[in-house]
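Just so it is clear: chains get the letters A, B, ... in the order the sequence lines come, proteins before strands, and each one is counted from 1.
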2 protein chains.
Amino acid sequence: MSTASLAFSGAGPIAAATRERVLESARELGYAGPNPLGRQLRRGRSGIVGVVIGDALARAFRDPVSTQVLDGLVGHLGPLDLGVLLVPGSAAPDAPAVDPLLESAAMDVAVVMWGGNDDDPVLSTLQRRGIPTVVVEGRKLPGVCVVGIDDRTGMAATTQHLLDLGHTRIATVTLPMDRDRHEGPVDEARLERPMWEITRRRLDGVLDTGVRPVVVYETPASLVEHGASAGRALLGEPDRPTAVVCQSDLLASGVVLAARELGLRVPQDVSVAGFDGIELPWLAPDELTTVVQPLTDKGATLGRIVEELLAGEEVADHEMPVSLRVGTTTGPPPA
Amino acid sequence: MSTASLAFSGAGPIAAATRERVLESARELGYAGPNPLGRQLRRGRSGIVGVVIGDALARAFRDPVSTQVLDGLVGHLGPLDLGVLLVPGSAAPDAPAVDPLLESAAMDVAVVMWGGNDDDPVLSTLQRRGIPTVVVEGRKLPGVCVVGIDDRTGMAATTQHLLDLGHTRIATVTLPMDRDRHEGPVDEARLERPMWEITRRRLDGVLDTGVRPVVVYETPASLVEHGASAGRALLGEPDRPTAVVCQSDLLASGVVLAARELGLRVPQDVSVAGFDGIELPWLAPDELTTVVQPLTDKGATLGRIVEELLAGEEVADHEMPVSLRVGTTTGPPPA
DNA sequence: GCAATCGATCGAATCGATTCGATCGAGCGC
DNA sequence: GCGCTCGATCGAATCGATTCGATCGATTGC
């Protein structure tokens, strides 16, 4: 009955008595309210925002960078009555190109975290399905909106800070460069080849200062243990670098832990810098020298963009500001 | 056209030539494949599993216990073409009882993490909507399926371990007891009143051994910083306890950090035990004495139960085993 | 008292895919 | 050559809520 619809929605003209009567008999019949599926079909909207996590979920969740952004996003979307559907990205290199959910699940908008390269199958699938998409920290591509930060300038500021302190032997620890997620030092040739946008930009920031890193060490994921492995590899030898610039705070904190493990003092024996500006329980607040990015804001900005995309508006890219925060993990090189 | 449906689904009898022809003209018309909303309505299934996180998302995500279970769940659900919709639970005490998503979003099954008390508005909403529900670590209630672990026995084992080592002054640091998320020591009277099931059971485990904790310290969330606050409060005084039993590893690791901060050696000056068996980057592997629970398994079990609920089967509760793992954070009390 | 107007209510069409039954044509056996 | 059978294709009904237009009744103004 159409009157029932009015009774439940509350909108439209309806006598209070009738409304009451409808709700009453609904209760008797054990009717639990309108079926969302019918509503969605009629409206042509599912009320669902697909969030594609560009990494194994367990890994992504272990990184506060992802979870803070996700939290900001969910917080913004909740009041709009929009839900977040978790869509695993392509995790293993041998897995199917895209998750079946991405092909078949209903979603009004998609948010792609850690968007990949030009030929990212995730993006092409979304484009084929005609789903408006916003990409976090990805490459500028036609038809999708990108939200990012000024990685390059931020990283250059960190590196310059180390140069100003007098460092000359600087190593850098990077995020993964591609789906292979190689671990270890990479050679010159690799640096010329394409790599994930975020890794590229943060690397370019270092190079912009004129620094030639003594080692570029790739990690398979932004996790403490990989930072620790990198730290042990880099700092275990006598001709170790005097400073290590890391592309994430988790990696940096791993390097700090490794340094302590090796009996090295930070920053007297080695300086360590990170990127992101997250709170780490095992380091004092503001201890780590890092580039702070507004993570929760980023989530909220994503939320606003989703809103605009749903309204059918054209949306401009956003680049959010970053700032260098000097802590106590960087200092002059040992004499 | 009904033939088009057959062409896309692939099921049913259809000549290869026709199929090809249909797909061809679909491409010309810019048709991107079947609309999920129509399919869902017809099938009466949304393919969505609502996961209600019983805490602010940012907090929940910072706890590996939640994320590992979630990861196990998503991993099991993915191949079934089921998606996970994140539904915020009731976060602030003054927020509306349940999130609007819980009222209106389409979901075939709900998973409630950290299910609350008897009168949990989340559970009653789900029951009213007739959505099959499985609760993680909640209270046994009619009509819902519960997946949990043997908290009580696990906690008793830890406490007994400390008793065997000779401790007599034992304090305990608890998870939040109710929505108020009070922080600080609680009095005897509070312990008699109802509290969240998981907190109650882990507390009962301690009491089962006959131990009367010198302090029961409640925290507002299972986070390192709250463990650290608790540690500072408990260990800052001269008549400090010789052992602290914590209801989670994150809390325990906070206590360890606080102890180190205060110049106390663990376990020589104070023993610390946790619960959950997660890997913490800032502690060596297996360093913390704790009760290990099978987190990823728990997620997979949840996945199986979701599957069974979708098939309309009656599902039995599951209690998963735990085991005490003695590390190096517990030892005999100081002489 | 009659007509016009306004508000409440109801019928019917719509969203898009699926699926059951019916129809149509071709191939095969007798 | 005729009839039967099987497979492919097509029409139509269905899932459930929403919404536009139409109808119905009552109230008010003249």
Side-chain angles (χ1 to χ4, degrees), chain A residues 1-48 50 80-83 100-109 128-132 310 312, chain B residues 1-48 50 80-83 100-109 128-132 310 312:
Chain A
M1 213 196 305
S2 58
T3 309
S5 180
L6 300 185
F8 275 96
S9 72
I14 189 167
T18 316
R19 179 155 186 281
E20 202 47 53
R21 204 157 45 81
V22 169
L23 296 182
E24 169 66 23
S25 37
R27 212 168 310 127
E28 275 176 28
L29 291 166
Y31 177 79
N35 182 331
L37 263 28
R39 189 214 314 276
Q40 288 175 15
L41 174 59
R42 184 66 236 252
R43 293 246 169 102
R45 283 275 172 84
S46 62
I48 286 180
L80 301 174
D81 222 349
L82 292 172
L101 277 181
L102 196 67
E103 294 280 5
S104 64
M107 53 184 98
D108 299 333
V109 188
R128 186 167 45 71
R129 290 188 59 187
I131 297 175
L310 275 176
Chain B
M1 210 199 301
S2 56
T3 309
S5 178
L6 300 185
F8 275 95
S9 72
I14 190 170
T18 316
R19 180 155 183 280
E20 203 47 54
R21 204 159 43 82
V22 170
L23 295 181
E24 170 65 25
S25 37
R27 212 169 309 128
E28 276 176 32
L29 292 166
Y31 177 81
N35 181 330
L37 263 29
R39 189 216 312 277
Q40 287 175 15
L41 174 60
R42 183 64 236 247
R43 293 244 169 104
R45 281 276 171 85
S46 62
I48 286 179
L80 302 174
D81 221 349
L82 292 172
L101 277 181
L102 196 68
E103 295 280 4
S104 64
M107 52 183 99
D108 299 334
V109 189
R128 185 167 45 70
R129 289 188 61 188
I131 297 175
L310 276 175

*Asks:* Identify the heavy atoms of F8(B) and P34(B) that sit nearest to each other, and give their distance.
*Replies:* CD2-CD, 3.8 Å
*Asks:* Please report the distance, rounded to the nearest Å, between CZ in F8(B) and C1' in dT19(C).
*Replies:* 18 Å
*Asks:* Go through the structure and list residues passing side chain to side chain donor-acceptor pair (under 3.5 Å) with N35(A), not counting sequence neighbours.
*Replies:* none
*Asks:* Could you state the atom-to-atom distance from CD of Q40(B) to P of dA17(C) in whole Å?
*Replies:* 12 Å
*Asks:* So does E24(B) pair up with R21(B), basic N to acidic O under 4.0 Å?
*Replies:* no
*Asks:* Looking only at heavy atoms, which two atoms of D108(B) and G47(B) are closest? And how far apart?
*Replies:* OD2-N, 2.7 Å
*Asks:* Which sits closer to the 5' end of DNA chain D, R19(B) or S5(A), going by the nucleotide each is nearest to?
*Replies:* R19(B)
*Asks:* Would you indicate whether the side-chain heavy atoms of S5(A) and R42(A) approach each other to under 4.5 Å?
*Replies:* no
*Asks:* Looking at every non-hydrogen atom in both residues, tell me the closest pair between P36(B) and R129(A) and how far apart they are.
*Replies:* CG-NH2, 3.6 Å
*Asks:* Could you tell me which non-hydrogen atom of A106(B) sits nearest to which non-hydrogen atom of L37(A), and how far apart they are?
*Replies:* CB-CD1, 3.4 Å
*Asks:* Specify the angle, to 10°, made by the local axes at the two ends of the helix from dG1(C)-dC30(D) to dC30(C)-dG1(D) when five pairs are taken at each end.
*Replies:* 50°
*Asks:* Nearest whole Å is fine: how far is dA8(D) P from R21(B) CZ?
*Replies:* 14 Å
*Asks:* Check L101(A) against G83(B) and note the closest heavy-atom contact, atom names and distance.
*Replies:* CD1-CA, 3.6 Å
*Asks:* Just the atom pairs and distances: protein N or O near nucleotides 13-16 of chain D's N or O, under 3.5 Å.
*Replies:*
{"from": "dT14(D)", "atom 1": "O2", "to": "R42(B)", "atom 2": "NH1", "distance (Å)": "3.2"}

